[in-house]
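A note on names: the letters A, B, ... follow the listed sequences, proteins ahead of strands, and every chain is numbered from 1.
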2 protein chains.
Amino acid sequence: MPRRPGSHAAETNRRMREAALRLFARHGYAAVSMRRIAAEVGVQAGALYSHTPDKQTLLFSLMQDHMHELLAARAALPPVRGAEARLEQFARFHIRFHLARPEAVFISYMELRNLEPENFRVIEGLRRDYETALETILRDGAAEGVFSVPDAKIAALGLIAMLNGVNTWYREGGRLTLEEVEAIYRDMARKAVAV
Amino acid sequence: MPRRPGSHAAETNRRMREAALRLFARHGYAAVSMRRIAAEVGVQAGALYSHTPDKQTLLFSLMQDHMHELLAARAALPPVRGAEARLEQFARFHIRFHLARPEAVFISYMELRNLEPENFRVIEGLRRDYETALETILRDGAAEGVFSVPDAKIAALGLIAMLNGVNTWYREGGRLTLEEVEAIYRDMARKAVAV
DNA sequence: GTCTATATACTGATAGAC
DNA sequence: GTCTATCAGTATATAGAC
(Lines give C-alpha, C1' and ligand atoms only; values in the text may rest on other atoms or scores of the structure.)
Protein backbone atom coordinates (compact mmCIF):
# COMPACT_ATOMS: atom_id res chain seq x y z
CA MET A 1 0.00 0.00 0.00
CA PRO A 2 2.19 2.88 -1.23
CA ARG A 3 1.69 6.24 0.37
CA ARG A 4 2.26 9.56 -1.31
CA PRO A 5 4.30 12.01 0.77
CA GLY A 6 2.08 14.19 2.93
CA SER A 7 -0.75 11.68 2.84
CA HIS A 8 -1.24 9.97 6.17
CA ALA A 9 -4.97 10.30 6.56
CA ALA A 10 -5.73 7.45 8.94
CA GLU A 11 -2.68 8.08 11.06
CA THR A 12 -3.22 11.83 11.34
CA ASN A 13 -6.85 11.27 12.22
CA ARG A 14 -5.89 8.87 14.99
CA ARG A 15 -3.27 11.23 16.35
CA MET A 16 -5.67 14.18 16.24
CA ARG A 17 -8.26 12.31 18.30
CA GLU A 18 -5.67 11.07 20.72
CA ALA A 19 -4.25 14.55 21.23
CA ALA A 20 -7.69 16.11 21.56
CA LEU A 21 -8.71 13.52 24.14
CA ARG A 22 -5.64 14.19 26.26
CA LEU A 23 -5.74 17.97 25.94
CA PHE A 24 -9.51 18.31 26.47
CA ALA A 25 -9.24 16.13 29.57
CA ARG A 26 -6.35 18.07 31.00
CA HIS A 27 -7.29 21.64 30.17
CA GLY A 28 -10.92 21.58 29.12
CA TYR A 29 -12.54 21.87 25.70
CA ALA A 30 -12.88 25.64 25.76
CA ALA A 31 -9.29 26.15 26.87
CA VAL A 32 -7.74 24.05 24.10
CA SER A 33 -7.27 25.57 20.66
CA MET A 34 -7.17 23.76 17.36
CA ARG A 35 -3.66 25.15 16.96
CA ARG A 36 -2.58 23.39 20.11
CA ILE A 37 -4.04 20.09 19.01
CA ALA A 38 -2.36 20.51 15.65
CA ALA A 39 0.96 21.19 17.34
CA GLU A 40 0.69 17.91 19.24
CA VAL A 41 -0.08 16.08 16.02
CA GLY A 42 2.73 17.81 14.19
CA VAL A 43 0.67 19.53 11.50
CA GLN A 44 -0.67 23.02 10.93
CA ALA A 45 -4.08 23.97 12.35
CA GLY A 46 -5.79 24.11 8.99
CA ALA A 47 -4.88 20.49 8.27
CA LEU A 48 -7.13 19.28 11.08
CA TYR A 49 -10.17 20.38 9.13
CA SER A 50 -9.53 17.55 6.67
CA HIS A 51 -10.34 15.20 9.56
CA THR A 52 -13.16 16.94 11.37
CA PRO A 53 -15.63 19.52 10.11
CA ASP A 54 -15.12 21.60 13.25
CA LYS A 55 -14.03 21.54 16.88
CA GLN A 56 -17.50 20.84 18.24
CA THR A 57 -17.89 17.73 16.08
CA LEU A 58 -14.52 16.51 17.27
CA LEU A 59 -15.64 16.74 20.89
CA PHE A 60 -18.97 15.11 20.16
CA SER A 61 -17.32 12.30 18.23
CA LEU A 62 -14.93 11.52 21.10
CA MET A 63 -17.80 11.39 23.58
CA GLN A 64 -20.05 9.36 21.33
CA ASP A 65 -17.34 6.79 20.64
CA HIS A 66 -16.70 6.45 24.36
CA MET A 67 -20.36 5.86 25.14
CA HIS A 68 -20.74 3.36 22.32
CA GLU A 69 -17.72 1.43 23.53
CA LEU A 70 -19.10 1.44 27.06
CA LEU A 71 -22.49 0.10 26.02
CA ALA A 72 -20.99 -2.49 23.68
CA ALA A 73 -18.58 -3.75 26.33
CA ARG A 74 -21.34 -4.08 28.88
CA ALA A 75 -23.61 -5.86 26.45
CA ALA A 76 -20.80 -8.31 25.76
CA LEU A 77 -20.47 -9.38 29.41
CA PRO A 78 -21.15 -13.08 29.97
CA PRO A 79 -24.64 -13.65 31.36
CA VAL A 80 -24.83 -14.47 35.06
CA ARG A 81 -27.77 -15.56 37.20
CA GLY A 82 -29.16 -13.69 40.18
CA ALA A 83 -29.34 -9.97 40.87
CA GLU A 84 -26.54 -10.08 43.43
CA ALA A 85 -24.11 -11.67 40.99
CA ARG A 86 -25.21 -9.28 38.26
CA LEU A 87 -24.59 -6.29 40.53
CA GLU A 88 -21.13 -7.53 41.44
CA GLN A 89 -20.38 -8.08 37.77
CA PHE A 90 -21.61 -4.59 36.95
CA ALA A 91 -19.53 -2.94 39.68
CA ARG A 92 -16.41 -4.82 38.66
CA PHE A 93 -16.95 -4.04 34.99
CA HIS A 94 -17.69 -0.38 35.62
CA ILE A 95 -14.56 0.23 37.67
CA ARG A 96 -12.32 -1.70 35.32
CA PHE A 97 -13.69 -0.10 32.16
CA HIS A 98 -13.57 3.43 33.53
CA LEU A 99 -10.13 3.17 35.11
CA ALA A 100 -8.77 1.96 31.78
CA ARG A 101 -9.73 5.19 29.98
CA PRO A 102 -9.80 8.04 32.51
CA GLU A 103 -9.51 10.76 29.90
CA ALA A 104 -12.55 9.69 27.89
CA VAL A 105 -14.53 9.29 31.11
CA PHE A 106 -13.52 12.69 32.34
CA ILE A 107 -14.44 14.41 29.10
CA SER A 108 -17.75 12.60 28.75
CA TYR A 109 -18.83 13.99 32.08
CA MET A 110 -17.13 17.37 32.29
CA GLU A 111 -17.72 18.59 28.77
CA LEU A 112 -21.45 17.88 28.55
CA ARG A 113 -22.11 21.57 28.95
CA ASN A 114 -19.99 22.37 25.93
CA LEU A 115 -22.08 20.22 23.62
CA GLU A 116 -24.53 21.89 21.31
CA PRO A 117 -28.12 21.01 22.24
CA GLU A 118 -28.62 18.28 19.67
CA ASN A 119 -25.30 16.61 20.48
CA PHE A 120 -26.07 16.86 24.19
CA ARG A 121 -29.35 15.07 23.65
CA VAL A 122 -27.61 12.16 21.93
CA ILE A 123 -24.96 11.68 24.62
CA GLU A 124 -27.52 11.98 27.38
CA GLY A 125 -29.60 9.28 25.73
CA LEU A 126 -26.62 6.91 25.65
CA ARG A 127 -25.84 7.69 29.26
CA ARG A 128 -29.41 6.96 30.24
CA ASP A 129 -29.23 3.61 28.49
CA TYR A 130 -26.28 2.68 30.66
CA GLU A 131 -27.96 3.85 33.85
CA THR A 132 -31.05 1.90 32.95
CA ALA A 133 -29.01 -1.29 32.78
CA LEU A 134 -28.04 -0.93 36.44
CA GLU A 135 -31.51 0.21 37.38
CA THR A 136 -32.90 -3.01 35.92
CA ILE A 137 -30.53 -5.10 38.01
CA LEU A 138 -31.65 -3.31 41.16
CA ARG A 139 -35.31 -3.63 40.25
CA ASP A 140 -34.93 -7.34 39.60
CA GLY A 141 -33.08 -7.76 42.88
CA ALA A 142 -35.87 -5.99 44.74
CA ALA A 143 -38.40 -8.31 43.09
CA GLU A 144 -36.27 -11.31 44.09
CA GLY A 145 -36.20 -9.96 47.62
CA VAL A 146 -32.41 -9.74 47.79
CA PHE A 147 -32.20 -5.93 47.50
CA SER A 148 -33.96 -3.22 49.43
CA VAL A 149 -34.18 -0.08 47.30
CA PRO A 150 -37.02 2.40 47.82
CA ASP A 151 -36.26 3.92 44.40
CA ALA A 152 -34.31 1.87 41.86
CA LYS A 153 -33.52 4.85 39.61
CA ILE A 154 -32.09 6.95 42.43
CA ALA A 155 -30.18 4.01 43.82
CA ALA A 156 -28.66 3.32 40.41
CA LEU A 157 -27.53 6.92 40.07
CA GLY A 158 -26.09 6.84 43.58
CA LEU A 159 -24.09 3.67 42.92
CA ILE A 160 -22.77 4.92 39.60
CA ALA A 161 -21.70 8.20 41.20
CA MET A 162 -19.88 6.27 43.90
CA LEU A 163 -18.15 4.02 41.38
CA ASN A 164 -17.23 6.99 39.19
CA GLY A 165 -15.50 8.51 42.18
CA VAL A 166 -12.73 5.97 41.85
CA ASN A 167 -11.47 7.78 38.78
CA THR A 168 -10.77 10.95 40.74
CA TRP A 169 -8.17 9.41 43.01
CA TYR A 170 -6.98 6.00 41.77
CA ARG A 171 -3.50 5.94 40.33
CA GLU A 172 -1.73 2.82 39.17
CA GLY A 173 1.08 1.88 41.48
CA GLY A 174 -0.61 3.60 44.40
CA ARG A 175 -1.40 2.26 47.84
CA LEU A 176 -4.07 -0.15 46.59
CA THR A 177 -4.12 -2.58 43.69
CA LEU A 178 -6.90 -2.55 41.12
CA GLU A 179 -8.22 -5.79 42.60
CA GLU A 180 -8.37 -4.32 46.12
CA VAL A 181 -10.19 -1.23 44.89
CA GLU A 182 -12.66 -3.36 42.97
CA ALA A 183 -13.31 -5.48 46.04
CA ILE A 184 -13.86 -2.49 48.33
CA TYR A 185 -16.28 -0.73 46.01
CA ARG A 186 -18.07 -3.92 45.03
CA ASP A 187 -18.74 -4.62 48.70
CA MET A 188 -19.89 -1.08 49.42
CA ALA A 189 -22.24 -1.20 46.43
CA ARG A 190 -23.62 -4.57 47.43
CA LYS A 191 -24.18 -3.54 51.03
CA ALA A 192 -25.70 -0.17 50.08
CA VAL A 193 -28.66 -1.89 48.41
CA ALA A 194 -28.82 -4.97 50.65
CA VAL A 195 -31.90 -5.80 52.71
CA MET B 1 -25.04 57.05 53.59
CA PRO B 2 -25.13 59.15 50.43
CA ARG B 3 -23.70 57.63 47.28
CA ARG B 4 -22.00 59.48 44.50
CA PRO B 5 -23.27 58.59 41.06
CA GLY B 6 -21.21 55.80 39.52
CA SER B 7 -20.05 54.56 42.91
CA HIS B 8 -21.70 51.29 43.88
CA ALA B 9 -18.67 49.33 44.96
CA ALA B 10 -20.20 46.75 47.28
CA GLU B 11 -23.19 46.18 45.06
CA THR B 12 -21.17 45.82 41.86
CA ASN B 13 -18.79 43.47 43.57
CA ARG B 14 -21.67 41.30 44.73
CA ARG B 15 -23.24 41.27 41.29
CA MET B 16 -19.94 40.45 39.62
CA ARG B 17 -19.41 37.41 41.84
CA GLU B 18 -22.99 36.30 41.40
CA ALA B 19 -22.77 36.58 37.61
CA ALA B 20 -19.38 34.86 37.50
CA LEU B 21 -20.68 32.01 39.63
CA ARG B 22 -23.65 31.43 37.38
CA LEU B 23 -21.77 31.82 34.09
CA PHE B 24 -18.75 29.74 35.14
CA ALA B 25 -21.10 26.98 36.29
CA ARG B 26 -23.12 27.01 33.11
CA HIS B 27 -20.45 27.48 30.46
CA GLY B 28 -17.14 26.86 32.17
CA TYR B 29 -14.42 29.25 33.29
CA ALA B 30 -12.49 29.19 30.04
CA ALA B 31 -15.60 29.76 27.95
CA VAL B 32 -16.76 32.86 29.83
CA SER B 33 -15.17 36.20 29.05
CA MET B 34 -14.83 39.14 31.38
CA ARG B 35 -16.93 41.10 28.88
CA ARG B 36 -19.77 38.66 29.31
CA ILE B 37 -19.65 38.87 33.08
CA ALA B 38 -19.57 42.66 32.80
CA ALA B 39 -22.62 42.59 30.53
CA GLU B 40 -24.56 40.63 33.14
CA VAL B 41 -23.56 43.12 35.81
CA GLY B 42 -24.40 46.04 33.57
CA VAL B 43 -20.97 47.64 33.46
CA GLN B 44 -18.10 47.73 30.98
CA ALA B 45 -15.43 45.04 31.12
CA GLY B 46 -12.75 47.36 32.41
CA ALA B 47 -14.83 48.22 35.46
CA LEU B 48 -14.56 44.67 36.78
CA TYR B 49 -10.87 45.18 37.40
CA SER B 50 -11.74 47.54 40.24
CA HIS B 51 -13.21 44.51 42.00
CA THR B 52 -10.82 41.73 41.14
CA PRO B 53 -7.16 41.89 40.08
CA ASP B 54 -7.81 39.35 37.32
CA LYS B 55 -10.07 36.55 36.14
CA GLN B 56 -8.07 33.79 37.83
CA THR B 57 -8.32 35.46 41.23
CA LEU B 58 -12.07 35.81 40.75
CA LEU B 59 -12.40 32.06 40.17
CA PHE B 60 -10.14 31.21 43.08
CA SER B 61 -12.02 33.56 45.39
CA LEU B 62 -15.37 31.98 44.51
CA MET B 63 -14.03 28.50 45.19
CA GLN B 64 -12.26 29.47 48.38
CA ASP B 65 -15.34 31.16 49.78
CA HIS B 66 -17.39 28.08 49.02
CA MET B 67 -14.97 25.76 50.78
CA HIS B 68 -14.71 28.03 53.81
CA GLU B 69 -18.48 28.18 54.09
CA LEU B 70 -18.66 24.40 53.82
CA LEU B 71 -16.10 23.81 56.54
CA ALA B 72 -17.59 26.47 58.82
CA ALA B 73 -21.10 25.08 58.44
CA ARG B 74 -19.93 21.56 59.20
CA ALA B 75 -17.96 22.70 62.22
CA ALA B 76 -21.09 24.44 63.50
CA LEU B 77 -23.17 21.26 63.52
CA PRO B 78 -24.46 20.30 66.96
CA PRO B 79 -22.37 17.51 68.50
CA VAL B 80 -23.95 14.07 68.48
CA ARG B 81 -22.84 10.82 70.08
CA GLY B 82 -21.98 7.63 68.27
CA ALA B 83 -20.48 7.08 64.85
CA GLU B 84 -23.78 5.97 63.32
CA ALA B 85 -25.53 9.18 64.39
CA ARG B 86 -22.57 11.24 63.26
CA LEU B 87 -22.61 9.59 59.84
CA GLU B 88 -26.32 10.23 59.42
CA GLN B 89 -25.80 13.84 60.44
CA PHE B 90 -22.95 14.18 57.97
CA ALA B 91 -24.95 12.70 55.10
CA ARG B 92 -27.94 14.89 55.80
CA PHE B 93 -25.78 17.98 56.15
CA HIS B 94 -23.80 17.24 53.01
CA ILE B 95 -26.85 16.79 50.81
CA ARG B 96 -28.65 19.81 52.20
CA PHE B 97 -25.65 22.12 52.00
CA HIS B 98 -24.70 21.06 48.48
CA LEU B 99 -28.21 21.12 47.04
CA ALA B 100 -28.61 24.67 48.34
CA ARG B 101 -25.72 25.99 46.19
CA PRO B 102 -25.36 23.80 43.12
CA GLU B 103 -23.40 26.37 41.13
CA ALA B 104 -20.65 26.84 43.71
CA VAL B 105 -20.43 23.06 44.13
CA PHE B 106 -20.19 22.51 40.40
CA ILE B 107 -17.46 25.10 39.96
CA SER B 108 -15.45 23.91 42.93
CA TYR B 109 -15.20 20.49 41.35
CA MET B 110 -15.14 21.18 37.62
CA GLU B 111 -12.79 24.14 37.55
CA LEU B 112 -10.01 22.70 39.67
CA ARG B 113 -7.95 22.17 36.54
CA ASN B 114 -8.22 25.86 35.67
CA LEU B 115 -6.62 26.96 38.91
CA GLU B 116 -3.02 28.05 38.89
CA PRO B 117 -0.84 25.61 40.85
CA GLU B 118 -0.69 27.61 44.07
CA ASN B 119 -4.43 28.24 44.09
CA PHE B 120 -5.07 24.58 43.35
CA ARG B 121 -3.00 23.56 46.32
CA VAL B 122 -5.07 25.75 48.65
CA ILE B 123 -8.44 24.47 47.45
CA GLU B 124 -7.26 20.88 47.53
CA GLY B 125 -6.15 21.35 51.11
CA LEU B 126 -9.58 22.62 52.11
CA ARG B 127 -11.23 19.74 50.31
CA ARG B 128 -9.02 17.26 52.09
CA ASP B 129 -9.98 18.79 55.43
CA TYR B 130 -13.61 18.08 54.64
CA GLU B 131 -12.92 14.53 53.50
CA THR B 132 -10.91 13.91 56.64
CA ALA B 133 -13.92 14.82 58.75
CA LEU B 134 -15.92 11.96 57.25
CA GLU B 135 -12.93 9.65 57.33
CA THR B 136 -12.66 10.25 61.06
CA ILE B 137 -16.31 9.31 61.57
CA LEU B 138 -15.78 6.06 59.68
CA ARG B 139 -12.60 5.27 61.57
CA ASP B 140 -14.30 5.89 64.90
CA GLY B 141 -17.22 3.72 63.85
CA ALA B 142 -14.86 0.90 62.90
CA ALA B 143 -13.20 1.19 66.30
CA GLU B 144 -16.61 1.10 67.99
CA GLY B 145 -17.43 -1.98 65.96
CA VAL B 146 -20.50 -0.47 64.28
CA PHE B 147 -18.88 0.03 60.85
CA SER B 148 -17.00 -2.39 58.64
CA VAL B 149 -14.63 -0.46 56.39
CA PRO B 150 -11.42 -2.07 55.12
CA ASP B 151 -10.08 1.40 54.23
CA ALA B 152 -11.60 4.47 55.88
CA LYS B 153 -10.09 6.93 53.43
CA ILE B 154 -11.40 5.10 50.36
CA ALA B 155 -14.78 4.58 51.97
CA ALA B 156 -15.04 8.29 52.77
CA LEU B 157 -14.24 9.22 49.19
CA GLY B 158 -16.79 6.70 47.94
CA LEU B 159 -19.54 8.03 50.17
CA ILE B 160 -18.83 11.65 49.29
CA ALA B 161 -18.87 10.80 45.58
CA MET B 162 -22.23 9.10 46.02
CA LEU B 163 -23.66 12.03 47.94
CA ASN B 164 -22.30 14.51 45.42
CA GLY B 165 -24.16 12.64 42.73
CA VAL B 166 -27.42 14.05 44.03
CA ASN B 167 -26.49 17.43 42.61
CA THR B 168 -26.40 16.08 39.07
CA TRP B 169 -30.05 15.11 38.95
CA TYR B 170 -32.04 16.61 41.83
CA ARG B 171 -34.38 19.42 40.85
CA GLU B 172 -36.74 21.12 43.24
CA GLY B 173 -40.34 20.25 42.51
CA GLY B 174 -39.31 16.94 40.95
CA ARG B 175 -40.56 13.47 41.72
CA LEU B 176 -38.94 13.35 45.16
CA THR B 177 -38.87 15.85 48.00
CA LEU B 178 -35.61 16.92 49.61
CA GLU B 179 -36.53 14.89 52.69
CA GLU B 180 -37.09 11.73 50.65
CA VAL B 181 -33.78 12.16 48.85
CA GLU B 182 -31.97 12.70 52.13
CA ALA B 183 -33.55 9.59 53.58
CA ILE B 184 -32.65 7.41 50.61
CA TYR B 185 -29.02 8.50 50.46
CA ARG B 186 -28.58 8.48 54.23
CA ASP B 187 -29.74 4.87 54.28
CA MET B 188 -27.50 3.86 51.39
CA ALA B 189 -24.52 5.52 53.05
CA ARG B 190 -25.27 3.89 56.39
CA LYS B 191 -25.71 0.46 54.87
CA ALA B 192 -22.63 0.76 52.64
CA VAL B 193 -20.34 0.89 55.67
CA ALA B 194 -22.41 -1.30 58.00
CA VAL B 195 -21.03 -4.53 59.46
C1' DG C 1 -3.76 15.91 2.72
C1' DT C 2 -1.01 19.53 4.10
C1' DC C 3 0.82 23.90 3.53
C1' DT C 4 0.81 29.23 3.96
C1' DA C 5 -1.85 33.12 4.40
C1' DT C 6 -5.68 35.38 5.89
C1' DA C 7 -10.57 36.93 7.22
C1' DT C 8 -13.12 38.10 11.12
C1' DA C 9 -13.95 38.16 15.73
C1' DC C 10 -12.88 37.83 20.27
C1' DT C 11 -9.64 37.56 24.44
C1' DG C 12 -7.55 39.57 29.15
C1' DA C 13 -5.91 43.49 30.70
C1' DT C 14 -4.50 48.54 30.91
C1' DA C 15 -4.47 53.94 30.38
C1' DG C 16 -6.42 58.06 31.10
C1' DA C 17 -10.70 61.11 31.25
C1' DC C 18 -14.39 62.16 34.29
C1' DG D 1 -15.78 53.52 40.29
C1' DT D 2 -16.92 53.57 35.70
C1' DC D 3 -16.29 55.02 31.19
C1' DT D 4 -14.12 54.89 26.34
C1' DA D 5 -10.44 53.44 23.70
C1' DT D 6 -6.97 50.47 22.83
C1' DC D 7 -2.92 47.07 22.92
C1' DA D 8 -1.23 42.72 21.79
C1' DG D 9 -2.44 38.27 21.42
C1' DT D 10 -5.32 34.47 20.14
C1' DA D 11 -9.52 32.12 18.42
C1' DT D 12 -12.14 29.26 14.64
C1' DA D 13 -12.43 28.53 10.18
C1' DT D 14 -11.52 29.11 5.13
C1' DA D 15 -9.00 29.83 0.37
C1' DG D 16 -5.92 28.53 -2.80
C1' DA D 17 -1.19 26.60 -3.98
C1' DC D 18 1.14 22.28 -4.22
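Note that OG1 of B/T57 is 10.5 Å distant from CD of B/Q64, once rounded to the nearest 0.5 Å.
Atom CG of B/L48 is separated from atom C1' of C/dA15 by 17 Å (rounded to the nearest Å). Atom-to-atom, CZ of B/R35 to P of C/dA9 comes out at 14 Å; the value is rounded to the nearest Å. In this structure, B/M16 atom CE and D/dG1 atom P are separated by 12 Å, rounded to whole Å. In this structure, A/Q44 atom CD and D/dC18 atom C1' are separated by 15 Å, rounded to whole Å. Residue A/Y49 contributes atom OH, which lies 15 Å from atom C1' of C/dT2 at whole-angstrom precision. Taking atom CE of A/M34 as the reference point, atom C1' of C/dC3 lies 16 Å away to the nearest angstrom. The separation between B/Y29 atom OH and C/dT11 atom P is 13 Å, rounded to whole Å. As rounded to whole Å, 11 Å separates atom P of D/dA13 from atom CD1 of A/I37.
Ionic pairing of B/K153 and B/E131 is not present here: no N-O contact between side-chain nitrogen and carboxylate oxygen is shorter than 4.0 angstrom. With respect to the salt-bridge test (charged N to carboxylate O, under 4.0 angstrom), the residues B/R101 and B/E69 qualify.
Listed nucleotides D/dG1, C/dT11, D/dC3 differ in distance to B/S50; the shortest reach to its side chain belongs to D/dG1. Closest to the side chain of B/H51, from the set C/dG12, D/dT2, C/dT2, is D/dT2.
Using a 4.0 Å heavy-atom cutoff across all strands shown, A/S33 reaches sugar-phosphate atoms only and no base atom. Among the heavy atoms of the strands, none lies under 4.0 Å from B/V41.
Residue B/T12 places at least one side-chain N or O under 4.0 Å from the OP1 or OP2 atom of D/dT2.
Side-chain atoms of B/H94 and B/Y130 form a donor-acceptor pair, as typed in the model, at a separation below 3.5 Å.
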